[in-house]
Amino acid sequence: MGATGGVWTALAYDFSKGIFYRPVFDDFGYGGTRYLFLFFTLHGMLIRVFNDPVLTGFSLVLVSAVSLNLGIFYLLRQLKLQVFLSAAFSILTTICITYQLLTLEIMGEFLSCALNVFGIIFALKLLKNDSSLYLILSALGFAGSFLTKFSSLMGLTAVCIYLWMHQRSRTMFQLIAGTGCLVLGSLWISYVVSDGRILSSFMSFGQGPVHWDYFFKFPLWFLMQLGRDPFFLLLFGFTLYFVFRDQTPLRESFPKFYFFIVMGFTLFILTSPGTDYNHMLDLIVACILVLGIQFHKHACTPRIWNSMFLLLTVGLIFTWLPGTISIKKFMDAGGGKPTRQTVERVIAGLGKDPENILSENPLVPILMNQRPVLLDAFALRRLSLTRPEIFNDFSQKMENKIFQSVILMDFSGVPESEILSAMENHFVLGAKKFYGGVHFPPDFLTLLKENYSLGFMAKPFVVFFPKLSSSE
């Protein structure tokens, strides 16, 4: 589980201890988050019952993933596909590396996407049956999706425009009003329960602004995301071919219309540096809907589909070749994704009863039954730029060696002698450097080198301990 999954788990762990949205900054540590609460409150409740943040988190992720596949199946059935075709295309999502990687992270992507799909299912039913029940269920789906991930508005946007295109403006406004009331009511309750901390968290941090200087870079990032997932690249390529080949008007093809809406939302989201493959899940679903409908329409002309099957087979064989991206090779790169056993080795290396641990991945202190001092290294950088008192406090703690250990993550695979150089040279598209440019305040590595020394590595974790003073 990576650092992002650790942040989601830390929010759930806080909730299990009775803390709903920690303060942005207090004597204990550093907060701030861009995540809404539905997923991590469910996870927190499971932690209270079973007392295992990792097992309960992955169980919730897998249930959400299965729910998404069931939702795709019922949506394809709603679009008049046969049972066997609906089942086949709903399972087709699982071949994508993006999908597989998301099952290895404790985060709300699957839950948000699944609720969005069920919202669409009941909204499309409104076209044939103006039922209050369908309206309520659709609003619940879209509201739940938003309250899990607030960039998840593409389903509601698509069905509202689609309803308007079919002269169902009254139903459209009812759906918008119902969803809006559910969202606003939930946000008001969360504001009261958190004593206003949810608002201060988002006001001080937020989702991150759109960087227009990144405008010419994010298409490259989008293509890189496709390139790391050969099966998704094939599905996306076939989808583009069919949406432009098919002459069906958008008004008469919801999958085609939905694909363009999701594509627009996805490209817009990717204009914010730091966004990653998790934002591609809705686009995978949109591709599956288009391909399912096209297969249904052209089943009697097997030429295209034989070609598609051949290309998918070649893609599968291609992933076995040296140097080609695959889920196994991605997992093995640079020491692989963190495992529970790796975290336990790190904990053992920290000594007896360690405290004040600054961990890039909050999972480490959580598995020591400690609340993480740092919730999100990405949020800390943002907050340090807008709140001088946070920047000064963090710098003073680093200089005074208040943190008994600093635990970072490195996937370069370099030996210990080159680790600091690798961290200094680590960059991501849209930022000149990762440490100080994406995670942690700008002068973080300088403070780290001056006050801490490398203790040990348990790949991908890198552990630093305070330097001894001359008197010691």
Side-chain angles (χ1 to χ4, degrees), residues 36-38 67-68 70-81 86 90 111-191 207 243 246-269 281-283 285-290 292-294 296-297:
L36 280 168
F37 51 83
L38 183 57
S67 298
L68 172 60
L70 288 174
I72 296 171
F73 170 80
Y74 286 116
L75 180 52
L76 290 171
R77 291 288 294 139
Q78 177 77 12
L79 296 170
K80 305 301 184 185
L81 264 70
S86 299
S90 66
L111 180 61
S112 176
C113 193
L115 290 171
N116 180 65
V117 168
F118 279 104
I120 292 171
I121 291 171
F122 292 111
L124 292 180
K125 287 180 178 290
L126 289 169
L127 285 171
K128 300 177 180 179
N129 186 351
D130 197 5
S131 165
S132 298
L133 177 61
Y134 291 154
L135 183 66
I136 292 170
L137 292 175
S138 180
L140 284 170
F142 290 131
S145 179
F146 178 84
L147 294 171
T148 303
K149 178 184 175 185
F150 66 67
S151 61
S152 181
L153 290 170
M154 52 199 75
L156 179 62
T157 302
V159 297
C160 284
I161 297 175
Y162 200 69
L163 287 169
W164 177 77
M165 291 167 66
H166 285 80
Q167 287 78 49
R168 301 294 298 273
S169 56
R170 181 172 177 271
T171 304
M172 178 191 73
F173 285 118
Q174 287 176 333
L175 181 58
I176 293 173
T179 305
C181 288
L182 287 169
V183 168
L184 291 175
S186 299
L187 291 176
W188 180 80
I189 292 172
S190 67
Y191 177 83
Q207 181 70 14
V243 294
D246 186 19
Q247 300 300 312
T248 305
L250 291 179
R251 183 181 181 278
E252 299 176 14
S253 176
F254 178 79
K256 184 178 176 181
F257 176 70
Y258 183 60
F259 173 80
F260 285 117
I261 294 292
V262 174
M263 186 69 185
F265 267 85
T266 302
L267 290 176
F268 180 77
I269 291 169
L281 186 60
D282 289 285
L283 188 57
V285 174
C287 291
I288 292 297
L289 296 181
V290 171
I293 289 297
Q294 291 298 319
H296 177 69
K297 290 174 63 176

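Remember, predicted model here, so these are calculated numbers, not experimental data. In this chain, residues are counted from 1 in sequence order.
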Scanning both residues in full, the closest heavy-atom pair of Leu70 with Phe118 reads C-CZ, 4.5 Å
The reported gap from CG in Leu175 to CZ in Arg168 (rounded to nearest 0.5 angstrom) is 11.5 Å
Nearest heavy-atom contact between Cys160 and Ile176 is SG-CG1, 3.5 Å
*asked:* Determine whether Phe265 and Ile261 satisfy the following criterion, side chain to side chain contact (heavy atoms under 4.5 Å, CB included), listing intermediate values before the conclusion.
replied: CA-CA 6 Å; Phe265 267 85; Ile261 294 292; 3.9 Å; yes
Separation between CZ (Phe122) and CG (Leu137), nearest 0.5 Å, reads 4.5 Å
Correct closest heavy-atom pair for Leu126 and Ser131 would be CD2-O, 3.4 Å
Is any side-chain heavy atom of Leu75 less than 4.5 Å from a side-chain heavy atom of Val285? no
Taken to the nearest 0.5 Å, the spacing of Tyr258 OH from Ser253 OG works out to 13.5 Å
CG of Leu115 to CG of Leu140, rounded to nearest 0.5 Å, is 9.5 Å
Side chain to side chain contact (heavy atoms under 4.5 Å, CB included) with Ser145: of Asn116, Leu111, Asp282, Thr179, only one passes, and it is Asn116
Check: Asp246 and Ile293 side chains under 4.5 Å, non-hydrogen atoms:
no
Gly155 and Phe142 have their tightest heavy-atom pair at C-CE2, 3.5 Å
Smallest heavy-atom separation, Leu250 atom then Lys256 atom, equals CD2-CG, 3.7 Å
Of all heavy-atom pairs linking Leu38 and Gly144, the shortest is CD2-O, 3.5 Å
Practice item. Apply the test side chain to side chain contact (heavy atoms under 4.5 Å, CB included) to residues Phe146 and Leu153: give CA-CA distance (whole Å), side-chain angles for both, the deciding distance (0.1 Å), then the verdict. Key: CA-CA 7 Å; Phe146 178 84; Leu153 290 170; 3.6 Å; yes
Output for pair (Asp130 CG, Arg170 CZ), nearest 0.5 Å, gives 6.5 Å
In this structure, CZ of Phe254 is separated from CD1 of Ile161 (nearest 0.5 Å) by 10.0 Å
Taking CZ in Phe173 as the centre, count heavy atoms belonging to other residues, nucleotides or ligands within less than 6.0 Å. Is the count above 12? no
Practice prompt. Decide yes or no on side chain to side chain contact (heavy atoms under 4.5 Å, CB included) for Thr148 and Phe37, but give the supporting numbers first.
Written response: CA-CA 6 Å; Thr148 303; Phe37 51 83; over 6 Å; no
* Asked: So, Ser90 side chain and Ser86 main chain: donor-acceptor pair closer than 3.5 Å or not?
  -> yes
| field | Test side chain to side chain contact (heavy atoms under 4.5 Å, CB included) applied to Thr171 and Leu127, step by step | value | CA-CA 9 Å; Thr171 304; Leu127 285 171; over 6 Å; no
Q. Between His166 and Tyr162, how do the two ring planes meet: parallel, tilted or perpendicular, split at 30° and 60°?
A. tilted
